[in-house]
2 protein chains.
Amino acid sequence: MIVQKRLDEILAKLRQRDFRITPQRIAIIKTLLQSEDHPGVEQVYAEVKVNFPTTSLATVYKTVNLLKELGEILEIGFTGGCNRYDGNKPYPHPHLICTRCSKIVDPEVRLLEQMSAELAKATGYRIDSHQVEFFGVCAACQKS
Amino acid sequence: MIVQKRLDEILAKLRQRDFRITPQRIAIIKTLLQSEDHPGVEQVYAEVKVNFPTTSLATVYKTVNLLKELGEILEIGFTGGCNRYDGNKPYPHPHLICTRCSKIVDPEVRLLEQMSAELAKATGYRIDSHQVEFFGVCAACQKS
DNA sequence: ATATCTATAAAGAACTATTCTCATTAAAGA
DNA sequence: TCTTTAATGAGAATAGTTCTTTATAGATAT
């Protein structure tokens, strides 16, 4: 399936840069690729420990950072909370975050390219990246 | 001047909600209102200590959080660094951040309202707030 | 003006997320 | 298989932030 394909790509990239392929790393990458819910490090750790009980939290942190540097996962920064990660869409994209249940959704946004272009033109900045987060209350939480 | 006016407004709001007006608080608010460069807590602390040397860092944190809750300053969340604050435009607005010199600019952005409205319609979320940051290299840094 | 009451400030301890250290283990190429 | 060297694991360290305790400052009533 699609996860296997990306896993192979990431492993190839690791090999190519002389990083070692370890069972822990594979487990961490798989967890990140399979999860739909933008997990935090702690959540990945819990998942990985099911099959590799001796894995340490530091290893998860280090691997997550490595993957971030390789551009294979996206970090979603949370002030005053733990960061969360998106292993499915590793490029910058907007998020819609429910402030009640912490659910994160990836909405379709049309206007971002245009906005970025206008901004660059108006300010003289070269824009490399962005972090666009919308906060609100999801449909389910609005009912309660 | 304009700073005095906003200071009075904030003080009135504090009084109205039975928060006390203390010299430390006034100093912290003034620092936030006067600064143009989106200072962090540590920077505010340094500034306030000039006139009130006994002020503690915790006091600055508490006051900053209080002001944030009152909606009088805007928090700009930074992953892996310290948060910074905008005392001049307390409502959510986009930032353009130079990744070389850390300069922060408040650009004009037209499309955000529209984007937010489309998003709410498409997802069913009630959108309350946003955090929109663009990262790049400012004109000055591009030359070096 | 004074006494009393109450919320705050101050200081540092505590907490949480993350990174570092280093001895030990194990991956990958010879 | 052997060797080299990077990765792991466990806990200590760190940084940013929040909590706790206690004396004090500000408000209130007299």
Side-chain angles (χ1 to χ4, degrees), chain A residues 7-8 10-32 38-70 73 75-85 102, chain B residues 10-32 38-70 73 75-85 102:
Chain A
L7 176 62
D8 289 343
I10 294 172
L11 294 183
K13 201 173 202 174
L14 285 172
R15 260 185 226 104
Q16 187 195 326
R17 309 213 182 179
D18 284 331
F19 290 108
R20 291 182 185 170
I21 312 300
T22 66
Q24 292 89 340
R25 281 190 172 160
I26 294 174
I28 293 165
I29 297 169
K30 266 189 178 167
T31 301
L32 284 163
H38 308 78
V41 165
E42 205 68 43
Q43 204 174 329
V44 174
Y45 178 53
E47 192 98 4
V48 168
K49 282 239 281 197
V50 174
N51 290 314
F52 299 89
T54 69
T55 305
S56 92
L57 191 55
T59 300
V60 180
Y61 270 105
K62 277 186 283 197
T63 303
V64 160
N65 279 330
L66 177 60
L67 292 168
K68 193 175 68 179
E69 273 157 37
L70 291 176
I73 61 173
E75 183 175 72
I76 309 172
F78 276 87
T79 312
C82 50
N83 293 333
R84 290 166 67 174
Y85 297 88
S102 294
Chain B
I10 294 173
L11 294 183
K13 202 172 200 174
L14 284 172
R15 262 187 225 102
Q16 186 195 326
R17 309 212 183 180
D18 284 332
F19 290 106
R20 294 202 181 148
I21 314 300
T22 66
Q24 291 89 344
R25 279 193 171 158
I26 293 175
I28 292 165
I29 297 168
K30 267 190 179 168
T31 300
L32 284 163
H38 310 78
V41 166
E42 205 68 43
Q43 203 174 330
V44 173
Y45 178 53
E47 192 99 2
V48 168
K49 281 239 283 197
V50 174
N51 291 313
F52 299 89
T54 69
T55 307
S56 93
L57 191 56
T59 302
V60 179
Y61 271 106
K62 273 187 295 189
T63 304
V64 160
N65 279 330
L66 176 60
L67 291 168
K68 192 176 70 181
E69 272 158 35
L70 292 177
I73 61 172
E75 184 175 72
I76 310 172
F78 277 87
T79 312
C82 50
N83 294 333
R84 290 166 67 175
Y85 297 88
S102 292

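Here the structure is a predicted model, which means the values were calculated and not measured. When reading the values below, keep in mind they use all heavy atoms of this one structure, side chains included, and skip hydrogens, waters and symmetry mates. Each chain gets a letter, A, B and so on, in the order its sequence line appears, and its residues count up from 1.
- The side chain of A:Q24 contributes an N or O atom lying less than 4.0 Å from OP1 or OP2 of D:dG9.
- For the salt bridge (charged side-chain N to carboxylate O under 4.0 Å, His left out) condition, no pair includes a residue of residues 38-67 of chain B, sequence neighbours left out.
- Comparing B:I21 and A:A58 by the nucleotide of DNA chain D whose heavy atom lies nearest to each, the residue mapping closer to the 5' end is A:A58.
- Within 4.0 Å of A:N65, counting heavy atoms only, lie sugar-phosphate atoms of the nucleic acid but no base atom.
- At whole-Å resolution of the value, NZ in A:K62 and P in D:dA10 are 12 Å apart.
- Here B:Y61 pairs with nothing under the side-chain hydrogen bond (donor to acceptor under 3.5 Å, both in side chains) rule; sequence neighbours left out.
- Considering only side-chain N and O atoms, B:T22 lies under 4.0 angstrom from the phosphate OP1 or OP2 of C:dA9.
- Across the protein-nucleic acid pair, A:L14 atom CG and C:dA28 atom C1' stand 14 Å apart, rounded to whole Å.
- Among the protein residues, B:S56 comes within range of the nucleic acid bases, having at least one heavy atom under 4.0 Å from a base atom.
- Atom CD of A:E42 and atom P of C:dT16 are 11 Å apart (whole Å).
- Taking B:Q43 as the reference, B:D37, B:P39 meet the side chain to side chain contact (heavy atoms under 4.5 Å, CB included) condition, with sequence neighbours excluded.
- For the OP1/OP2 pair of D:dG16 and a distance below 4.0 Å, the side-chain nitrogens and oxygens of B:N83 include no atom meeting the criterion.
- With sequence neighbours excluded, the residues that form a side-chain hydrogen bond (donor to acceptor under 3.5 Å, both in side chains) with B:S56 are B:T59.
- Residue B:Y61 places at least one side-chain N or O closer than 4.0 Å to OP1 or OP2 of D:dT17.
- Here the C1' atom of nucleotide C:dG29 and the CZ atom of A:R15 are 13 Å apart, to the nearest Å.
- Spacing between atom CZ of B:R25 and atom C1' of D:dA25 amounts to 12 Å, rounded to whole angstrom units.
- Comparing C:dA10, D:dG26, D:dT17 by their closest approach to the side chain of B:P23 singles out D:dG26.
- Direction of the helix axis in the helix from C:dA1-D:dT30 to C:dA30-D:dT1 shifts by 40° between the two five-pair termini, rounded to 10°.
- Using a 4.0 Å cutoff on non-hydrogen atoms, no part of residues 45-52 of chain A comes near DNA chain D.
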Pair up each side-chain donor or acceptor in residues 14-26 of chain A with any protein partner under 3.5 Å, not counting sequence neighbours, and list the distances.
from	atom 1	to	atom 2	distance (Å)
A:T22	OG1	A:R25	N	3.1
A:R25	NH1	A:R20	O	2.8

Look for any protein N or O under 3.5 Å of an N or O in nucleotides 3-5 of chain D and output each such pair with its distance, or none.
from	atom 1	to	atom 2	distance (Å)
D:dT5	O2	A:R20	NH1	3.0
D:dT5	O2	A:R20	NH2	3.0

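- Under the rule for a side-chain hydrogen bond (donor to acceptor under 3.5 Å, both in side chains), the partners of A:K68 that lie at least two apart in sequence or sit in another chain are A:N65, A:E75.
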